[in-house]
There are 2 protein chains.
Amino acid sequence: MSLAEEVSIDLEVMFKALASERRLQILDWLKDPSENFPPQEHGDPDEHGACNQFIVEKLGVSQPAASRHLKVLTDAGLVIATSRKGWTYYRRNEEAIADLTRQIANHL
Amino acid sequence: MSLAEEVSIDLEVMFKALASERRLQILDWLKDPSENFPPQEHGDPDEHGACNQFIVEKLGVSQPAASRHLKVLTDAGLVIATSRKGWTYYRRNEEAIADLTRQIANHL
DNA sequence: CGTTCGTATAACAGGTTAGTTATATAGCTA
DNA sequence: TAGCTATATAACTAACCTGTTATACGAACG
């Protein structure tokens, strides 16, 4: 099987990750990090995504709560985390999201 | 606004309804009721869907548990319930599912 | 080094979900 | 009407989810 060939996605895991207003919000914000978050001194928002701290502030929940939402999204593969110089940046995994969308269209 | 115009679907509600192996299973079975369930004396499986009882048996949970899963799916609008002669039949709401799929493709 | 900053994990509380059994409701049928 | 069948609801329990505060870890810097 080629790598391009769709390996069946666990839809339940994906839907669980998406079944949260907060996480949907995060995914939406990450569509355009430089638009939705303040400028960052370190780390290009469009390359590595937004840093945890900004997401915490914008979500309006405690830092650990936001951190766990981001973990759920990364565990599902919908978001990619990059740690650099003590900061962690999050960006959408567009490929995984596209795969998921395709799978939903084909199999739901 | 015309009725054909897409009124924004509550994605969180939909994803919550879909975030369950059992309910995904039900939706899959209902793609082809006459294939996946025993023949019914009453009610055309391809027109009205499968009756609750068969779904209960195939799910392998208690009747009330299955009944509630079906309620979650119907409340989300993904499944349509038809009561007739004391039986209740369930079928997929293909239009709603297509709308949802489209919304996911556009906005996820 | 020791402190500070950013993030992750631990421990706990409250609400929700999903299962169970028991019971109610509604439509046939004898 | 009485009784049977199919389904829905109620009441309860265990597990899970999401928030909190407190704490640990790791990198940068005085």
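Order of the sequence lines sets the chain letters (A, B, ...), proteins ahead of strands, with each chain counted from 1. The analysis underlying the following values was restricted to heavy atoms, covering all of them including side chains, and did not include hydrogens, waters or symmetry mates.
A side-chain contact (heavy atoms from CB on, under 4.5 Å) with B:Ile55 holds for exactly one of B:Val61, B:Leu70, B:Thr88; it is B:Leu70.
In the set D:dT18, D:dT9, C:dA18, the nucleotide with an atom closest to the side chain of B:Ser67 is D:dT9. Side chain of A:His69, nearest nucleotide from C:dT7, C:dG19, D:dT18: D:dT18. Closest contact between the side chain of A:Asn52 and the listed nucleotides C:dC28, C:dA8, D:dT20 involves C:dA8. Considering only side-chain atoms of B:Arg68, the nucleotide from D:dA8, C:dA18, C:dG6 that sits closest is C:dA18. The nucleotide whose nearest atom lies closest to any side-chain atom of B:Gln53 is, among C:dC28, D:dA6, C:dA18, D:dA6. Of the candidate nucleotides C:dG6, D:dT21, C:dG19, D:dT21 has the atom lying nearest to any side-chain atom of A:Ser62.
Mapping A:Lys16 and A:Pro64 onto DNA chain C by nearest heavy atom places A:Pro64 closer to the 5' end of the strand.
As a whole-Å value, the separation of B:Leu18 CG from C:dT17 P is 14 Å. To the nearest angstrom, P of D:dT5 lies 15 Å from CZ of B:Phe54. The nearest whole Å value for the distance from the CD1 atom in B:Ile26 to the P atom in C:dA18 is 11 Å. The nearest whole Å value for the distance from the CD atom in B:Glu12 to the P atom in C:dT16 is 12 Å. Atom-to-atom, CZ of A:Phe15 to P of C:dT17 comes out at 17 Å; the value is rounded to the nearest Å. Taking atom NZ on A:Lys85 and atom C1' on C:dC5, their separation rounds to 15 Å, with Å as the unit. When rounded to the nearest whole Å, the span between NZ of A:Lys71 and C1' of C:dT7 equals 13 Å. Counting to the nearest Å, the P atom of C:dG19 and the CZ atom of B:Arg22 are 5 Å from each other.
Between A:Phe37 and A:Trp29, the angle of the ring planes goes over 60°, which puts this pair in the perpendicular group of the 30/60° scheme.
Between A:Tyr90 and C:dG6 there is no side-chain N or O to OP1 or OP2 distance below 4.0 Å. A:Arg84 has no side-chain polar atom (N or O) that falls below the 4.0 Å cut-off from OP1 or OP2 of C:dG6.
In the displayed structure, A:Lys71 atom NZ is contacted under 6.0 Å by at most 12 heavy atoms of other residues, nucleotides or ligands.
Note on A:Thr88: only backbone sugar-phosphate atoms sit closer than 4.0 angstrom, heavy atoms only; bases stay farther off.
Between B:Leu100 and B:Leu11, some side-chain heavy-atom pair lies under the 4.5 Å cut-off.
No hydrogens or angles were tested; on distance alone, a donor-acceptor pair under 3.5 Å links the side chain of A:Gln63 to the base of C:dA8.
For the residue pair A:His69/A:Arg22, the side-chain donor-acceptor check at 3.5 Å is not satisfied.
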